[in-house]
Amino acid sequence: MSSAFTVCVFGVVSCLLGLAGATTNGSECPINLDPPTGTTGPKPVLEKHESALLMLLGFGGFSIILAMLHNAVRKHIFHDEHNLDTTFDAGGNVSMSLTAVTVASQLFWPGDILHSATLTTKNGIAGPFWYAVGIMINIFIFPIFSVQFKTRAPGAKTYLQIIHARFGKTAHIVFCCFALLTNLVIMIGLLLAGRATIQSLTKNASDEFCLLVMATLFGSYSLIGGIGTTFYVSYFNACLVFTLLIVFVVKILHSESEYENIGDVTQMYKVISCVKGPKENAEYSFLTFRSGVALLYGVIEVFVSSAVTYCDQASWQSRIAAKPVQGVWGFILAGFMWFSIPSTMATTTGMAYIALSAENGTHLLNNGQIDQGLVTPLIAEKILGSAGGILILTMGAMALMSTGSGEVMAISSIVVYDIYQTYVRPFRKGLKRTHCVLCGRTKKHTITATYANDSERDSLCQCRSVSRCHHCVEDMRRVNRKSTSGIQPPYQCQIHGRYREYQDYLIEFKNWCIIWVTISIIPLGLVIFETGIDLNWIFYSGAILTIPCFPPVMLSILWVKATSKGLVSGGLAGLLLGVTATLSVATMYEGGLSNFLINTVQDYTILAGTCCSFGASLIGCIVVSIFTNKIKTSYDEDVEWQKLYDIDNPLNPWELNYREELKGLHYDTKPTFEQMSFTFRKAKMTAYVGGTCSIVVVAFIIPGIMASFPMMDEAQFVVWVGFTQAWAVIMALVVIIAPPAEEITRIVKQYRKNQERQKDYTNGCLDEQPMNEITDKTLLDGSTPVAKL
């Protein structure tokens, strides 16, 4: 909470400055900025072949090297590269700082690199602030849901598996459609943002060229290293973004410039304070936090970002890859990391654009170019020349790679786990939830087995755990020797052999799935580009279609009385009412629906659509579930939550990943709900307290203090600019130092553990040499986990 204390101290200082500061500068020298007199905008600085080499060989090649490095770590240190789940959860033990960096990095598009400066030019300094607050609220709430996800369904790899386990086929199909629609909206936004960035800085860059480059960047290293490589690439992306951001800050605010109004914070303030801002702002100033339209967009952003945060499988994948404690702290830290980008961008490129426009007497860009996010590329070019264009292209390409690969992996995981493995080619057709996927008998640890009589207990599943299976050890040794012969030997284990063959098939299918998802980006982009929609439209209108998915997802994890009928009816009602409200309000603007792309993203159109989508979905889910649920007793609740506990991979049981946290507890095959709740009670408390305190600071304390004075005076502006810069530098240090330190420590720790196990095996202390990370966590002597724990 030291960061919150820093913010509060700054707020108190700003408030004191506000009591003595002048607030009338904006009315003394109003400057009205006219529309541009000619065609303006950033000039392309790279040839097509130069841009292709930079992005494909530079970033793409570097990412492939990282993918190979990640594979080597998983193979030689953790010994789990031959595992389908590792592709989508990176081993399930990602560090806190790497989780934070990845979450923040995947939100670096276009909200802060491009869109923050756009909001500054439209709404002043309050625009990007309230925009950031809307997104950060959902980032800070997410740990509360995710810690429940990880403790109630620790074996799930997608949030759709929870819906399938609890509510069955109908609800699962409906929300698979919602999930894929969410991924589609985000992917379209990425393609539009990527095209705008590439074409603004590359000469004669066609739509086809942009799509081929982006598809290659998105899919190449994802195919090789899976989601784990995305974490590594996100780290370097975040390092690069923060480094280049600091470069912009130094060049724009602290260096001599050929432009009179650039290079000095005081001079920039004098110019901007004279420019007439939006009529919704206090005193028509760009330098005020009292902005009605900015606050309105902040409220809208809470709803819009909820769809991106909770209904996007890519967000859940980043969370699933970490344990509960690391995930909670990771998301809280990610929120503060992310906040430093739009706040700093707003006071550098956005304010610099207004200052240069004032010096020019007209806007340097037209409204369409501003909406495309070209403010930042233009300022970079004017301040740094051709080098500035290359830096922006570098930032944009890295940000697109991180988020784009996450979306490719998200779509692939839905196809593999929730479509192909569930409906197209399941391992055992007609399998009941309480039955073992290997033998088809009732599982020992289920509620049904607990209340079975003696004769029924004799027919329970007797399959040995993979962690104590000697035959699996020999099978995996033969797999490891495959590289020398080139021939895959058949599995000998009678219990797990057939399922290993099935998993091998899914691994091959996963590879083809990633390839086809990547290829499909090209025709999708061509269709979207032909429609003429822009980034602003897809970002807000698309959210209205996906927000109805949020309440059902939330209730499926938190509320035991949620039902299939409630979730389906609520989701569909929210979709119907949201679209209806959007179209109805759009007709009230000039031109009505004939001016579709403009009127459907007007302020109150978006507000009506998002509120109705969310409200109708939430109310519908709750009301229908209350009348259709059959939960009467605590036993019924246990049976309902047990459905989530049974989501598991018999070759990679989730219990093995929590052995260290569960040390000292006694259980048979899996820990009980009470044991999991006891073990991770601190993580839950951290999520509730940390998330709530963070929201209070960013959504109430800081805005309340900053809005206490109508308009910033010079001293307050200097303090605010200094604060944003200091915060960016602090977060840059955390981003650059913490992830590699934690990752190297984790790898060294596992390597030493492997060495100790090898030494024990050589000295005859172990009956068998461990076959992988799973068997590293227990002796292969037939003893039960209870004895070891």
Side-chain angles (χ1 to χ4, degrees), residues 85 89 92 145-168 171-172 316 319-320 322-324 327 417-418 421-422 427-428 431-452 457 460-461 463 465-467 499 553-564 629-631 633-659 661-662 665-681 683-684 774 784-786 789:
D85 291 344
D89 69 359
F145 297 117
S146 64
V147 74
Q148 297 289 349
F149 183 106
K150 288 294 288 185
T151 54
R152 288 178 174 171
K157 303 304 174 186
T158 71
Y159 71 86
L160 295 167
Q161 287 181 298
I162 289 180
I163 293 178
H164 182 261
R166 285 196 62 185
F167 309 116
H172 184 245
W316 290 104
R319 178 59 192 88
I320 291 168
K323 292 184 178 181
Y417 285 106
D418 294 287
Q421 187 176 359
T422 303
F427 178 74
R428 188 181 294 275
L431 184 72
K432 294 182 179 180
R433 176 188 58 81
T434 57
H435 289 181
C436 172
V437 69
L438 298 176
C439 64
R441 298 179 179 179
T442 303
K443 300 176 185 177
K444 288 183 179 180
H445 67 278
T446 60
I447 298 290
T448 303
T450 302
Y451 289 89
R457 289 195 181 97
L460 295 178
C461 168
C463 295
S465 170
V466 68
S467 63
Y499 197 80
V553 172
M554 174 182 64
L555 295 175
S556 66
I557 299 171
L558 299 180
W559 194 32
V560 70
K561 293 186 178 182
T563 65
S564 174
N629 81 86
K630 298 180 181 179
I631 305 298
T633 64
S634 60
Y635 171 78
D636 295 334
E637 294 183 2
D638 291 340
V639 171
E640 188 68 19
W641 291 128
Q642 184 68 44
K643 297 176 182 179
L644 306 186
Y645 234 45
D646 292 335
I647 303 173
D648 206 358
N649 182 345
L651 301 184
N652 186 32
W654 59 260
E655 177 268 340
L656 295 172
N657 195 40
Y658 293 94
R659 283 283 176 90
E661 289 78 10
L662 297 169
L665 299 179
H666 295 271
Y667 55 87
D668 184 13
T669 305
K670 294 182 179 180
T672 64
F673 290 115
E674 291 76 13
Q675 288 174 323
M676 288 290 285
S677 179
F678 173 80
T679 302
F680 296 108
R681 67 188 185 282
K684 293 182 179 180
I774 291 179
T784 64
V786 176
L789 293 172

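Please read these numbers as outputs of a predicted model, since none were measured by experiment.
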Self-check item: Distance-only donor-acceptor check, side chains Asp646 and Gln642, under 3.5 Å
Solution: yes

Practice problem: With the side chain counted from C-beta on, respond yes when Arg441 and Cys463 share a heavy-atom pair under 4.5 Å apart, and no when they do not. | Solution: no

Self-check item: Atom of Leu644, atom of Arg166 and distance for their closest heavy-atom approach
Solution: CD2-CG, 3.4 Å

Self-check item: Nearest heavy atoms of Phe167 and Thr563, plus distance in Å
Solution: CD2-C, 3.6 Å

Exercise. Search all heavy atoms of Ile647 against all heavy atoms of Ala165 and return the closest pair with its distance.
Key: CD1-CB, 3.8 Å

Quiz item: Can you check whether Gly440's main-chain N or O pairs, donor with acceptor, with His435's side chain at less than 3.5 Å?
Solution: yes

Exercise. Give a yes or no on whether Lys561 atom NZ has more than 12 heavy-atom contacts from other residues, nucleotides or ligands under 6.0 Å away.
Key: no

Quiz prompt | Spacing of Thr672 atom OG1 and Phe678 atom CZ [to the nearest 0.5 Å] | solution = 11.0 Å

Practice problem: Could you grab the distance from atom CD1 of Ile162 to atom CZ of Phe149, nearest 0.5 Å is fine? | Solution: 4.0 Å

Practice problem: Kindly compute the distance separating CH2 (Trp559) from CD1 (Ile631), expressed to the nearest 0.5 Å. | Solution: 10.5 Å

Self-check item: Residue pair Asp648 / Pro653: nearest heavy atoms and the distance that separates them
Solution: OD1-CA, 3.4 Å

Quiz item: Looking only at heavy atoms, which two atoms of Pro650 and Val466 are closest? And how far apart?
Solution: O-CG1, 3.5 Å

Quiz item: Just how far is it from atom OG1 of Thr633 to atom CG of Asp638, taken to the nearest 0.5 Å?
Solution: 8.0 Å

Quiz item: Hey, does the side chain of Thr158 reach the backbone of Gln161 with a donor-acceptor pair shorter than 3.5 angstrom?
Solution: yes

Quiz item: Going by the angle between their ring planes, with limits at 30° and 60°, are Trp316 and Tyr159 parallel, tilted or perpendicular?
Solution: tilted

Quiz item: Hey, does Tyr658 have a side-chain heavy atom less than 4.5 Å from the side chain of Pro324?
Solution: yes

Quiz item: Can you check whether Leu656's main-chain N or O pairs, donor with acceptor, with Arg659's side chain at less than 3.5 Å?
Solution: no

Exercise. To the nearest 0.5 angstrom, please state how far the CZ atom of Arg428 sits from the OH atom of Tyr499.
Key: 10.5 Å

Exercise. May I ask you to test the Gln148-Lys684 pair for a side-chain heavy-atom distance under 4.5 Å?
Key: yes

Self-check item: Gln675 (side chain) donor-acceptor with His666 (main chain) under 3.5 angstrom
Solution: yes

Self-check item: Min side-chain heavy-atom separation Lys323-Lys150 under 4.5 Å
Solution: no

Practice problem: First locate atom CD of Glu640, then atom CZ of Arg152, and finally report the distance between them rounded to the nearest 0.5 Å. | Solution: 11.0 Å

Quiz prompt | Taking every non-hydrogen atom, the tightest pair across Leu662 and Met676 | solution = CD2-SD, 4.2 Å

Quiz prompt | His164 versus Asp418, side-chain donor and acceptor atoms under 3.5 Å | solution = no

